[in-house]
S.K.: 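Could you have a look at this structure, given as structure tokens, before my questions?
Each chain gets a letter, A, B and so on, in the order the sequences are listed, and its residues count up from 1.
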There are 2 protein chains.
Amino acid sequence: MLKIGELASLAGVSRDTLRFYEKHGLIIPSQRTESGYRLYSNIDVERISFIVSAKEVGFTLNEIHQLLELEVTKDKKSCQDVKEFVDNKITIVNQRLLEIEKIKHSLQTLSDACCGGDEPATQCTILGALNEQAR
Amino acid sequence: MLKIGELASLAGVSRDTLRFYEKHGLIIPSQRTESGYRLYSNIDVERISFIVSAKEVGFTLNEIHQLLELEVTKDKKSCQDVKEFVDNKITIVNQRLLEIEKIKHSLQTLSDACCGGDEPATQCTILGALNEQAR
DNA sequence: CTTGACTCTAGACTATACTCCAAGGTTTAT
DNA sequence: ATAAACCTTGGAGTATAGTCTAGAGTCAAG
Ligand SMILES: [Zn+2]
Ligand SMILES: [Zn+2]
Ligand SMILES: [Zn+2]
Ligand SMILES: [Zn+2]
């Protein structure tokens with residue numbers, strides 16, 4: 001059994017983060033000492049590793065919550081369920097990707113139209129474009 | 001001169017948003033009535049239009065703050081300054097783009113490895129990969 | 001037996017961008 | 001004259017993901 005600081009350094013997160021995850025129901029230590037210290041088991045170690053891995057591939061804490069439920073009840077869930085979950089996330093990520101690409105292109109268009117010279121920016125096409133009333 | 005509700009519907013934002021922008025120094029009405037109602041001038045209308053346009057191309061309110069300073073002091077700034085600002089933002093956006101692409105590919109890899117079948121997810125490669133300790 | 005390292009809780013604070021609410025004052029229309 | 005519509009302020013709440021602090025308790029070593 002590990003104390004919070006030990007698990008924290010093992011998992012590469014802060015003690016505060018562990019307590020934060022606990023508050024949000026992601027990882028609850030299997031035990032407490034008499035004096036109230038959190039004690040984490042091997043299963044808890046696996047769980048935090050799951051959380052960290054899931055974070056790394058872009059899941060939000062909320063989504064990780066749902067993933068953990070899939071994980072825990074995996075004998076009652078099918079591969080289809082899990083794959084669907086991931087595919088939904090891919091759809092969301094894709095939308096975000098398109099948005100950001102659109103933004104990038106808008107910015108690029110603004111940048112390309114500006115001469116970038118030394119003269120005062122009174123006629124700058126960037127400021128001009130942002131000032132445009134009509135749309 | 002427009003009252004807050006008039007400017008709000010003209011600009012396509014809420015009254016609350018206008019007050020929020022004011023609190024953050026983005027747009028301060030030129031005048032107030034005796035009873036304290038905000039009154040917005042033509043210049044204010046242009047300013048909110050600038051803000052809305054800048055938001056649409058992906059600038060944060062903080063960046064819009066800086067952009068507005070460029071706008072206001074544009075006779076003392078060069079096209080180079082403005083273009084640099086936009087190019088810095090493009091760099092930031094690009095980094096975000098790469099991050100999200102990485103996430104997308106990770107998720108795609110996870111998804112591709114899962115059979116998506118009807119059988120229980122006890123052996124699901126997705127859950128397995130997220131559970132992996134070593135990295 | 002005391003010092004330092006560690007832990008506990010509750011709650012405040014960060015950043016981003018609003019949105020909503022309460023309680024009251026003002027304007028406009030009927 | 002009165003109700004509806006609009007305005008004011010300050011402050012709380014939303015979502016995301018923590019970080020930090022204060023004040024107090026615990027534990028191991030010298
Ligand atoms: Zn120029
Ligand atoms: Zn320019
Ligand atoms: Zn399968
Ligand atoms: Zn599977």
S.K.: Do Ser111(A) and Asp87(B) have side-chain atoms, one donor and one acceptor, less than 3.5 Å apart?
M.R.: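 Per modelled atom types, Ser111(A) and Asp87(B) side chains form a pair under 3.5 Å.
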S.K.: Please check the phosphate of dT9(D) (OP1 and OP2 only) for any side-chain N or O of Arg32(B) closer than 4.0 Å.
M.R.: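 For dT9(D), OP1/OP2 do have a side-chain N/O of Arg32(B) under 4.0 Å.
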S.K.: Any side-chain N or O of Thr17(A) less than 4.0 Å from the OP1 or OP2 oxygen of dT19(D)?
M.R.: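 True: Thr17(A) side-chain N/O within range (under 4.0 Å) of dT19(D) OP1/OP2.
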S.K.: Do Phe85(A) and Gln66(A) come close enough that some side-chain heavy atom pair is under 4.5 Å?
M.R.: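 They are in side-chain contact.
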S.K.: Using atom CZ of Arg38(A) as one end and atom C1' of dC6(C) as the other, report the distance to the nearest whole Å.
M.R.: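 Going from CZ in Arg38(A) over to C1' in dC6(C) covers 13 Å.
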S.K.: Does the side chain of Tyr40(A) come within less than 4.5 Å of Met1(A)'s, by heavy atoms?
M.R.: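 With C-beta onward as the side chain, the pair stays apart.
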S.K.: Rounded to the nearest angstrom, tell me the gap between atom CZ in Arg15(A) and atom P in dT26(D).
M.R.: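 Spelled out: CZ on Arg15(A) to P on dT26(D) is 18 Å.
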S.K.: Rounding to an integer number of Å, can you tell me how far Asp16(B) CG sits from dC6(D) C1'?
M.R.: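 After rounding, the gap between these two atoms is 13 Å.
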S.K.: With DNA chain D as reference, determine whether Arg19(B) or Ser14(A) sits nearer its 5' end, using the nearest nucleotide of each.
M.R.: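 Closest to the 5' end, via its nearest nucleotide, is Arg19(B).
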S.K.: Is the distance from OP1 or OP2 of dG25(D) to the nearest side-chain N or O of Tyr37(A) less than 4.0 Å?
M.R.: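 So the side-chain polar atoms of Tyr37(A) never come under 4.0 Å of the phosphate oxygens OP1 or OP2 of dG25(D).
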S.K.: What integer distance in Å separates Phe20(B):CZ from dG10(D):P?
M.R.: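 Taking atom P of dG10(D) as the reference, CZ of Phe20(B) is at 15 Å.
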S.K.: Considering just the side-chain nitrogens and oxygens of Ser35(B), establish if one lies under 4.0 Å of OP1 or OP2 belonging to dT8(D).
M.R.: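 For Ser35(B), the contact criterion (side-chain N or O under 4.0 Å from OP1 or OP2 of dT8(D)) is not met.
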S.K.: Can you check the Ile4(A) CD1 to dC27(D) C1' distance for me, whole Å?
M.R.: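 Interatomic distance, CD1 of Ile4(A) to C1' of dC27(D): 16 Å.
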S.K.: Taking any heavy-atom pair under 4.0 Å as a contact, classify Thr33(B): base, sugar-phosphate, or nothing.
M.R.: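 No contact at all - Thr33(B) keeps every heavy atom at 4.0 Å or more from the nucleic acid.
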S.K.: How long is the line joining CD of Glu22(B) and P of dA17(C), in whole Å?
M.R.: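 One finds 18 Å between P of dA17(C) and CD of Glu22(B), rounded.
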S.K.: Taking NZ from Lys55(B) and P from dA17(C), how many angstroms apart are they, rounded to a whole number?
M.R.: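 These atoms are roughly 6 Å apart.
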S.K.: Using a 3.5 Å distance criterion without hydrogens, assess whether the side chain of Thr17(A) forms a donor-acceptor pair with backbone atoms of Val13(A).
M.R.: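 Pair absent, no side-chain N/O of Thr17(A) close to backbone of Val13(A).
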S.K.: Compare side-chain N and O positions of Lys23(A) against OP1 and OP2 of dT16(D) and report whether any pair is under 4.0 Å apart.
M.R.: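 Checking Lys23(A) against dT16(D): no side-chain N or O falls below 4.0 Å of OP1 or OP2.
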S.K.: Is the closest side-chain heavy-atom distance between Arg47(A) and Glu71(A) below 4.5 Å?
M.R.: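 No, too far: nothing below the 4.5 Å cut-off.
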S.K.: For Lys3(B) and dC6(D), give me the distance from atom NZ to atom P, rounded to whole Å.
M.R.: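 Spelled out: NZ on Lys3(B) to P on dC6(D) is 9 Å.
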